[in-house]
Amino acid sequence: MPINAKWHAAHPMPAKAGPTDRLLWHLEHAKACACRPIPPTLRALAAPSDKPRCHWAGTDPLMIHYHDTEWGVPVHDDRHFFEMLVLEGAQAGLSWMTILKKRDGYRRAFAGFDPKKVARFDAARKAKLLQDPGIVRNRLKIDSTITNAQAYLEMQREFGSFDAYLWAFVNRRPLINGPTAAT
């Protein structure tokens, strides 16, 4: 397929694209124009794998990437915990795919998932967020993200870190579960 100049003019790679936006851009680009190959890292995501995957990962490279690199992987990073709290709250009533596609928008809108900054968001910042198409523009979800940031900071103060609080429930070791045979 030759270069699709109209598509390129209408869909430039975003200048400050995060990883999710770059992945989505390359996938759309591959459908419209074959002027460049899909980068090997993206090709690997879309390729079949001998790695077992849950059925919910489906065939979408974004979901496969999330499944293979994040889902079920033990975490000890407080900022990542806050990111997941924000994204899971935004997902309520929506598909996880919808939220994954907006992940970079959330990262930008919510100060790189810095709970100290988010906890200080005021009415003007909330009003700006309600106009941001990069996130789910729901007043209650935005309000809860700010309230959750404040509670998150309280948990960190009380327990030293959110990581220490969460991992205490499992004696600081991951629980390894597997399917059981029906009896």
Side-chain angles (χ1 to χ4, degrees), residues 6-32 42 45 56-58 60-67 69-167 169:
K6 286 183 181 180
W7 187 89
H8 277 271
H11 302 91
M13 168 71 86
K16 294 183 180 180
T20 306
D21 287 337
R22 283 196 307 275
L23 174 60
L24 292 170
W25 185 88
H26 278 290
L27 292 171
E28 289 302 313
H29 177 263
K31 291 177 194 173
L42 297 180
L45 289 177
W56 57 260
D60 187 281
L62 195 58
M63 289 292 279
I64 290 170
H65 179 70
Y66 174 76
H67 178 277
T69 64
E70 290 187 75
W71 185 76
V73 175
V75 173
H76 293 283
D77 175 20
D78 270 19
R79 190 174 290 221
H80 186 74
F81 281 131
F82 184 65
E83 177 178 355
M84 290 296 104
L85 181 69
V86 170
L87 296 177
E88 288 286 349
Q91 188 266 330
L94 302 171
S95 74
W96 186 239
M97 176 58 86
T98 297
I99 301 307
L100 282 180
K101 286 180 178 180
K102 291 183 174 281
R103 191 177 201 173
D104 290 330
Y106 272 91
R107 186 173 288 119
R108 181 188 35 72
F110 289 99
F113 298 111
D114 182 338
K116 289 178 183 171
K117 291 179 180 177
V118 175
R120 294 190 308 262
F121 282 9
D122 59 10
R125 186 70 179 259
K126 287 185 209 180
K128 188 175 178 184
L129 289 171
L130 285 168
Q131 303 304 312
D132 188 338
I135 66 169
V136 176
R137 295 174 285 185
N138 177 295
R139 184 185 53 78
L140 295 174
K141 289 182 181 190
I142 292 168
D143 287 345
S144 71
T145 298
I146 297 164
T147 302
N148 285 343
Q150 295 161 353
Y152 189 88
L153 294 174
E154 280 299 313
M155 297 292 286
Q156 284 181 320
R157 280 190 283 279
E158 185 173 343
F159 294 95
S161 69
F162 199 72
D163 178 72
Y165 169 72
L166 283 182
W167 283 97
F169 286 99

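This one's a predicted model, so the numbers in the text were calculated from it and none came from an experiment.
For the atom pair Gln131 CD and Leu129 CG, the distance stands at 10.0 Å (nearest 0.5 Å). Between the NE2 atom in His67 and the CH2 atom in Trp56 there is a gap of 5.0 Å [rounded to 0.5 Å]. With rounding to the nearest 0.5 angstrom, the NE2 atom of His65 is 12.0 Å from the CG atom of Asp60. Taking CG of Leu130 as the reference point, atom CD1 of Ile135 lies at 7.5 Å (rounded to 0.5 Å). The distance from the OG1 atom of Thr69 to the CD1 atom of Ile64 is 11.5 Å, given to the nearest 0.5 Å. Put simply, CE on Met155 and CG on Leu85 are 10.5 Å apart, with the number rounded to the nearest 0.5 Å.
A 4.5 Å side-chain heavy-atom check between Tyr106 and Thr145 finds every atom pair outside the cut-off. The side-chain heavy atoms of Phe159 and Leu166, taken from C-beta on, include no pair separated by under 4.5 Å.
By the side-chain hydrogen bond (donor to acceptor under 3.5 Å, both in side chains) test, Thr98 pairs with Ser95, sequence neighbours left out. Shown here are the side-chain hydrogen bond (donor to acceptor under 3.5 Å, both in side chains) partners of Arg139, two or more places apart in sequence or in another chain: Asp143. Residues passing the ring pair (Phe, Tyr, Trp, His ring centres under 6.0 Å) test with His80: none are found, sequence neighbours excluded. In this structure Tyr152 satisfies the ring pair (Phe, Tyr, Trp, His ring centres under 6.0 Å) test together with Phe82, Phe162, sequence neighbours excluded. Under the rule for a side-chain hydrogen bond (donor to acceptor under 3.5 Å, both in side chains), the partners of Asp78 that lie at least two apart in sequence or sit in another chain are Gln156. Arg108 meets the salt bridge (charged side-chain N to carboxylate O under 4.0 Å, His left out) test with Asp132; sequence neighbours excluded.
Using a cut-off of 4.0 Å between Lys/Arg side-chain N and Asp/Glu carboxylate O, Arg125 and Asp122 are scored as not salt-bridged. Residues Glu88 and Arg103 are not paired through a salt bridge, judged by the lack of any N-O separation under 4.0 Å between the basic side chain and the carboxylate.
Checked against a 6.0 Å centroid threshold, the rings of Trp71 and Trp96 do not count as neighbours.
Remark: side-chain polar atoms of Gln91 are not paired, donor with acceptor, to backbone N or O of Ile99 under 3.5 angstrom. A donor-acceptor contact shorter than 3.5 Å is absent between the side chain of Lys116 and the backbone of Ala149. Of the possible donor and acceptor atoms, one in the side chain of Lys141 sits under 3.5 Å from a partner among the backbone N and O of Ala90. For the pair Arg79 (side chain) and Gly112 (backbone), a donor-acceptor distance under 3.5 Å is present.
Here the closest heavy-atom approach between residue Lys126 and residue Ile142 is recorded as CG-CG2, 4.3 Å. Between Leu62 and Met97 the shortest heavy-atom distance is CD2-SD, 3.9 Å. Ile146 and Phe121 get closest at one heavy-atom pair: CD1-CB, 3.7 Å. In terms of heavy atoms, His76 sits closest to Asp163 at ND1-OD1, 2.8 Å. Closest approach of Val75 and Phe81 over heavy atoms only: O-CZ, 3.2 Å.
Taking a 6.0 Å sphere around OH of Tyr165, one finds it holds 12 or fewer heavy atoms contributed by other residues, nucleotides or ligands.
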